[in-house]
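Down below is the structure, laid out as structure tokens.
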Amino acid sequence: MAGKNPWGGSGGSGDDGTPGNDGEGGGSDSSGPRNPWLPGGGEPGKRRSASIEDIFKSRGPEGPRRSGGGGGQGGGGFRFPERPGGKSWVPVIIGGVALVWVAVTSVHFVQPGEQAVVTWLGGKYSHEFESGTNFTAPWPIHMVEKENVTQVRLEEVPGTKTEKLILTGDQNLVDLSYLIRWNISDLTLYKYQLSDPRNALLEIGEAAMRAAVARQDLDSVLTGAGRAEIEQDVRTAMQARLDAYRSGISVQGIEINKVDPPSRVEEAFKDVSSAQQDADANINRARAVAQQVLARAQGDASEFNDIYEEYKLAPEVTRRRLYYETMEQILSKTDKTIVESGNVTPYLPLPELKRRAQAQPQAQGQ
């Protein structure tokens with residue numbers, strides 16, 4: 001039974017078992033749809049499968065144009081525009097990109113406070129740039145590395161959560177942290193003299209700090225009395241060692257942030273500190289009392305000197321005055337009065353009479 005071929009012509013086979021024509025290229029039934037995967041042309045009456053070469057060839061710029069409706073010509077593949085005279089634009093575009101690349105990678109602007117190091121192919125040192133506009137060969141022939149040499153950098157040792165124990169001169173341990181302020185003094189030396197300048201800075205700083213703390217006792221380190229001396233000693237020792245290594249680093253200053261006793265003996269240190277504070281308070285009070293006594297004694301001595309000067313001017317008057325004042329001071333503290341007179345009773349119990357006189361009004365009131 002003959003079937004309808006969807007690609008044109010009658011499908012299946014005829015009565016004699018031969019396959020029918022597909023209508024491709026002048027078949028008997030050419031009104032059916034064409035095979036979209038086959039290029040135009042070919043021998044009439046023969047059917048073949050499309051290959052990948054045929055698919056791309058039919059869509060390339062040199063492939064055959066498919067016939068459109070009404071006998072018009074269909075659009076071909078993309079073609080790059082040509083310059084006048086039929087030459088290609090590709091060399092011009094490549095040359096323009098190369099010029100832009102050279103301009104961008106050959107001009108370098110070094111800001112104030114910066115220095116730049118130029119290397120050959122990123123490896124061998126070539127020369128150095130100061131601030132301003134500078135020119136080099138294009139990248140990657142010349143490669144430029146910039147650094148801010150005026151910026152003060154900070155290194156905190158050993159960090160906020162790490163304990164660093166350092167031995168003092170009197171064989172005690174303290175937990176000490178400090179800050180290193182530094183900057184780059186020579187960029188070339190900083191880049192190529194040491195393999196790891198920052199790590200060298202930290203190692204030298206730790207060695208100098210341990211040596212400086214070992215020259216101080218525990219009290220001077222904890223109380224802060226020796227901190228200024230320690231900071232100055234560490235800075236001087238670090239700079240001398242860094243200059244000997246030609247590191248290109250300048251140490252701006254050392255600042256001690258924290259000095260505490262070790263965490264395992266912190267309570268014992270607090271007890272000792274409290275006892276020391278109590279002792280200092282008692283010593284201060286004793287000194288205050290001593291100053292008061294001394295001031296009183298100095299006043300009495302000054303008064304005596306004044307009296308002595310008056311005594312030398314009138315000895316008899318001064319002698320009587322001293323006698324009267326002394327007797328008045330002594331007799332004011334006794335309850336007996338002695339009167340030397342022939343008409344008066346030698347003994348008068350004046351205090352007793354006074355007490356009786358005070359007791360009578362009290363008895364009448366009751």
Do [X] and [Y] make a side-chain contact, defined as non-hydrogen atoms from C-beta onward lying under 4.5 Å apart?
X    : Y    : result
D260 : V174 : no
L167 : L173 : yes
E267 : V265 : no
K164 : S177 : no
L194 : Y192 : no
Y178 : E206 : yes
L201 : M238 : yes
M209 : I230 : yes

When you group the ILVMFWY residues by side-chain heavy-atom contacts below 4.5 Å and let the links chain together, are [Y] and [X] in the same group?
X    : Y    : answer
L202 : I204 : yes
V259 : L179 : no
V149 : W182 : yes
V152 : V251 : no
I254 : V157 : yes

Closest non-hydrogen atom pair between [X] and [Y], with its separation:
X    : Y    : value
K258 : D175 : NZ-OD2, 3.4 Å
D186 : T188 : OD1-N, 3.1 Å
N148 : I184 : O-CD1, 4.5 Å

Please confirm whether the backbone N or O of [Y] pairs with a side-chain atom of [X], one donor and one acceptor, at under 3.5 Å?
X    : Y    : result
S185 : G248 : yes
N305 : A301 : yes
E231 : I256 : yes
T223 : D219 : yes

**Prompt:** In chain order, what residues pass the ring-ring contact (aromatic ring centres under 6.0 Å, His included) check against Y245, with sequence neighbours excluded?
**Reply:** none
Answer yes if the side chains of [X] and [Y] hold a donor-acceptor pair under 3.5 Å, and no otherwise.
X    : Y    : result
Q252 : N183 : yes
D217 : S220 : yes
Q276 : D280 : yes

What's the separation between atom [atom1] in [X] and atom [atom2] in [Y], rounded to the nearest 0.5 Å?
X    : Y    : atom1 : atom2 : result
D306 : E309 : CG    : CD    : 7.5 Å
N199 : E155 : CG    : CD    : 10.0 Å
L313 : Y308 : CG    : OH    : 11.0 Å
T119 : E145 : OG1   : CD    : 6.0 Å
I249 : R153 : CD1   : CZ    : 9.0 Å
R198 : D196 : CZ    : CG    : 8.0 Å

**Asked** Residues in side-chain hydrogen bond (donor to acceptor under 3.5 Å, both in side chains) with R264, at least two apart?
**Response** none
**Request:** Run the salt-bridge test on R215 and E229 with the 4.0 Å N-O cut-off and return the result as yes or no.
**Result:**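 Salt bridge: no.
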Tabulate below the donor-acceptor pairs under 3.5 Å that side-chain atoms of residues 319-328 make, not counting sequence neighbours, or state none.
| from | atom 1 | to | atom 2 | distance (Å) |
| --- | --- | --- | --- | --- |
| R319 | NH1 | E316 | OE1 | 2.5 |
| R321 | NE | E325 | OE2 | 3.1 |
| T326 | OG1 | L322 | O | 2.7 |

**Request:** Step by step, work out the side-chain contact (heavy atoms from CB on, under 4.5 Å) result for V289 and R285.
**Result:** CA-CA 6 Å; V289 173; R285 286 194 293 268; 5.7 Å; no
**Message:** Set out, in order, the CA-CA distance, both residues' side-chain angles and the distance that settles salt bridge (Lys or Arg N to Asp or Glu O under 4.0 Å) for R296 and E303, then state yes or no.
**Reply:** CA-CA 11 Å; R296 187 181 302 112; E303 182 180 0; over 6 Å; no
